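Structure first, commentary second.
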Amino acid sequence: ESLCDHFHESQTTMDPKEPGYQAVYLRIYKKVVAKVKKELKDNDLWSLYEELELPLVTALAEMEAHGILVDPKKLSVISQELEATMEKLTETIYAEAGEEFNINSPKQLGVILFEKLGLPVLKRTKTGPSTSAEVLEELSDHPIVASVLEYRQVAKLKSTYTDSLAELISPETKRIHTTFNQTVTATGRLSSTHPNLQNIPVRTKEGRRIREAFVAPEGHVLLMADYSQIELRLLAHLSGDQVLAEAFRSGQDIHAQTAAEVFGLDLDEVTDEERSAAKAINFGIIYGISSFGLAKGINLTRAQAQEYIDSYFLRYPMVKVYLDGLVEQGKKEGYVQTLSKRRRYLPNLKSRNYALRSFAARTAMNTPIQGSAADIIKLAMLKVYRALKDAGLKTRLLLQVHDELVLETPLDELHLAAHLVKKQMEEVYPLDVPLKVGVFYGPNWRDVKSFDYEE
DNA sequence: GCGATCAGCC
DNA sequence: GTTTCTGCTGATCGCG
């Protein structure tokens, strides 16, 4: 800190062109380097820095510089269709409301829905009745609400994705060049800005259309490789729970298996509804479970949610021991850590404020899982990057989306590249359970099909 | 300029 | 003491 102060002072008092400025700068810089290096070594973080994060910089820089090809004509067609849909919906909404107003304003929308039309207020924000999708879905029997939900979806796609993305296509490369930030998240994940290419729609059919505009150049295809259930697999590994580990070794549908365990059924008796509840429980476990959160997620009473959680921990006892241990370790040491020793300090585990303390406890449970997944995919990126180079292939990494890599590959390299990527990702860091990677390819980011072993 | 709200992804 | 289940980015509104 004193070095930083000193540096700040020199920066403001000295002209960078003044002789001696660079000498001062370098002297301070060297001291800071030595200090940070010692701190990393003292905290057992040196190899994380030197062997993972530092070499990853090069791979990320190349990904950013290379960019991903985007077809502006496709974006523009989608944009015009969205525009037409928005105009229709706007007319419908005005007619149903009996007046014109700004549909984009939650405040003005609230006046129409809750005052003029007298719909019930199911939830409030700090500033007034909530108009979130969660609330509107409960009220969607009213035609105006259904139209507003659709309007919101279309407006989001148009403003965030079609129009903004088009502006970010480089005139020189015809590509979009995102920035991957390596130092913003608390867990070790990357983030992506200008634009954020880690939140391109995929969930709905309409949203997925955006992905059609992300294309491979002539003679190439996009290659996608994603880890299947990496966080739950890490939970099995980190907790040592043999029931969960065996579930993954069996290769069966993990959510259905969880349903069978939790509800005491045979695997073939599990209904879609039970599987879907089990999926919510699995997500909850990864996020740092609370009965409150689970109840909200799948419309249960808190008591029912607590029963599900109790039943889960009865079937996966080592998971319970592991998660409790994380909170304990966080309290004792002040931090929790990932596979690579990356730390997250959680002082609020000792807070007297229940909300803060609970949040910190959920963070203590989530960070080692989410952060270790981030460690693994970063290491996999490095291995893929180096293996492609060593093999003399032209295949390039383009994007990372937390548990997925997107690459661009010449058609005549597809077979080699697909096998190389799958192997590097699956064998990156052997765990007690296998890591499974799905590989897909296609002319654009939407229309991809599974790459089969025979190919 | 900034906080609040909402919505996109994992 | 009575929680809005992790981690992010970004568009928009509306106040100051």
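Given the structure is predicted, the values throughout are model-derived calculations rather than measurements. In what follows, every chain begins at residue 1, and chains take the letters A, B, ... in the order their sequences are listed. Below, each value reflects all heavy atoms present in this structure, side chains not excepted, and no hydrogens, waters or symmetry copies.
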Atom CZ of A:Arg124 and atom C1' of C:dT4: how far apart are they, to the nearest Å? 16 Å

Find the distance A:Ile281:CD1 to C:dC5:P and express it as a whole number of Å. 16 Å

Euclidean distance, atom NZ of residue A:Lys378 to atom P of C:dG7 [Å, nearest integer]: 16 Å

Does A:Gln229 reach the side chain of A:Asn282, with side-chain heavy atoms less than 4.5 Å apart? no

For C:dT6 and A:Thr367 - does any side-chain N or O of the residue sit under 4.0 Å from the phosphate oxygens OP1/OP2? no

Determine all donor-acceptor pairs shorter than 3.5 Å in which one atom belongs to a side chain in residues 199-206 of chain A; sequence neighbours excluded.
| from | atom 1 | to | atom 2 | distance (Å) |
| --- | --- | --- | --- | --- |
| A:Asn199 | ND2 | A:Tyr161 | OH | 3.3 |
| A:Thr204 | OG1 | A:Gln153 | NE2 | 3.1 |
| A:Thr204 | OG1 | A:Gly207 | N | 3.0 |

Which whole-number value in Å describes the distance from A:Leu197 CG to C:dC8 C1'? 14 Å

Take nucleotides 2-10 of chain B nucleotide by nucleotide from the 5' end and write B, S or -, depending on whether a protein heavy atom sits under 4.0 Å from the base, only from the sugar-phosphate, or from neither. --SSSBBSB

Only pairs at least two apart or in different chains count here, so list each ring pair (Phe, Tyr, Trp, His ring centres under 6.0 Å) that has a residue in residues 117-139 of chain A. none

Please confirm whether the backbone N or O of A:Thr178 pairs with a side-chain atom of A:His194, one donor and one acceptor, at under 3.5 Å? no

Near DNA chain C, counting only heavy atoms under 4.0 Å, which residues of residues 307-322 of chain A show up? none

On DNA chain C, compare the nucleotides closest to A:Val184 and A:Ser291; which residue's is nearer the 5' end? A:Ser291

Side chain A:Arg362, main chain A:Ile289, donor-acceptor under 3.5 Å: no

Closer than 4.0 Å, any side-chain N/O of A:Asn104 to the OP1 or OP2 of C:dT12? no

Do any of residues 107-121 of chain A sit with a heavy atom less than 4.0 Å from DNA chain C, and if so which? A:Lys107, A:Gln108

Which class fits the ring pair A:Phe283 and A:His255: parallel under 30°, tilted 30 to 60°, perpendicular over 60°? parallel

Might you confirm whether atom CD of A:Glu62 has over 12 heavy atoms from other residues, nucleotides or ligands at distances under 6.0 Å? yes

Scan A:Ala155 against the nucleic acid and name what it touches under 4.0 Å (heavy atoms): base, sugar-phosphate only, or nothing. nothing

Which pairs count as salt bridge (Lys or Arg N to Asp or Glu O under 4.0 Å) when at least one residue sits in residues 49-60 of chain A, sequence neighbours excluded? A:Glu53-A:Arg342, A:Glu53-A:Lys378

Between B:dG8 and C:dT6, how far is it from one C1' atom to the other, in whole Å? 16 Å

Side chains of A:Thr193 and A:Asn181: is there a donor and an acceptor less than 3.5 Å apart? no

Please state how far atom CG in A:Asn181 lies from atom P in C:dG7, giving the value in whole angstrom units. 17 Å

Could you tabulate the donor-acceptor pairs under 3.5 Å formed by side-chain atoms of residues 137-145 of chain A, not counting sequence neighbours?
| from | atom 1 | to | atom 2 | distance (Å) |
| --- | --- | --- | --- | --- |
| A:Ser140 | OG | A:Glu137 | O | 2.9 |
| A:His142 | ND1 | A:Ile144 | N | 3.2 |

What integer distance in Å separates A:Phe180:CZ from C:dT9:P? 13 Å

Taking side chain as C-beta onward, heavy atoms only, is A:Leu407 less than 4.5 Å from A:Arg396? no

Report the distance from atom CZ of A:Phe292 to atom C1' of C:dT6, rounded to the nearest whole Å. 17 Å

Set of residues satisfying salt bridge (charged side-chain N to carboxylate O under 4.0 Å, His left out) with respect to A:Asp241, sequence neighbours excluded: none

Find the distance A:Asn102:CG to C:dA11:P and express it as a whole number of Å. 17 Å

Think A:Thr187 has a side-chain N or O under 4.0 angstrom from the OP1 or OP2 of C:dC8? no

Say we look at C:dC5 and B:dG3: how far apart would their C1' atoms be, to the nearest angstrom? 24 Å

Side chain of A:Ser358 - closest among C:dT6, C:dT3, C:dT12: C:dT3

Same-atom distance (C1') from C:dT3 to B:dA7, integer angstrom: 23 Å

Please classify the nucleic acid contact of A:Ile286 as base, sugar-phosphate, or nothing, using heavy-atom distances under 4.0 Å. nothing

Going by the rule salt bridge (charged side-chain N to carboxylate O under 4.0 Å, His left out), which residues pair with A:Asp324 if we only count those two or more places apart in sequence or in a different chain? A:Lys320

So what does A:Asn353 hit on the nucleic acid, given a heavy-atom distance under 4.0 Å: a base, only sugar-phosphate, or nothing? nothing

Report which part of the nucleic acid A:Ser192 touches: base, sugar-phosphate, or nothing (heavy-atom distance under 4.0 Å, all strands). sugar-phosphate

Sub-4.0 Å heavy-atom contacts from residues 330-352 of chain A onto DNA chain C, ordered by number: A:Arg344

Ring pair (Phe, Tyr, Trp, His ring centres under 6.0 Å) partners of residues 308-333 of chain A, not counting sequence neighbours, each pair once: A:Phe263-A:Tyr308, A:Tyr312-A:Tyr316

Please tabulate, one pair per line, all N/O donor-acceptor pairs under 3.5 Å involving side-chain atoms of residues 87-95 of chain A, not counting sequence neighbours.
| from | atom 1 | to | atom 2 | distance (Å) |
| --- | --- | --- | --- | --- |
| A:Thr90 | OG1 | A:Met86 | O | 2.6 |
| A:Thr92 | OG1 | A:Lys88 | O | 2.9 |
| A:Tyr94 | OH | A:Phe101 | O | 3.1 |

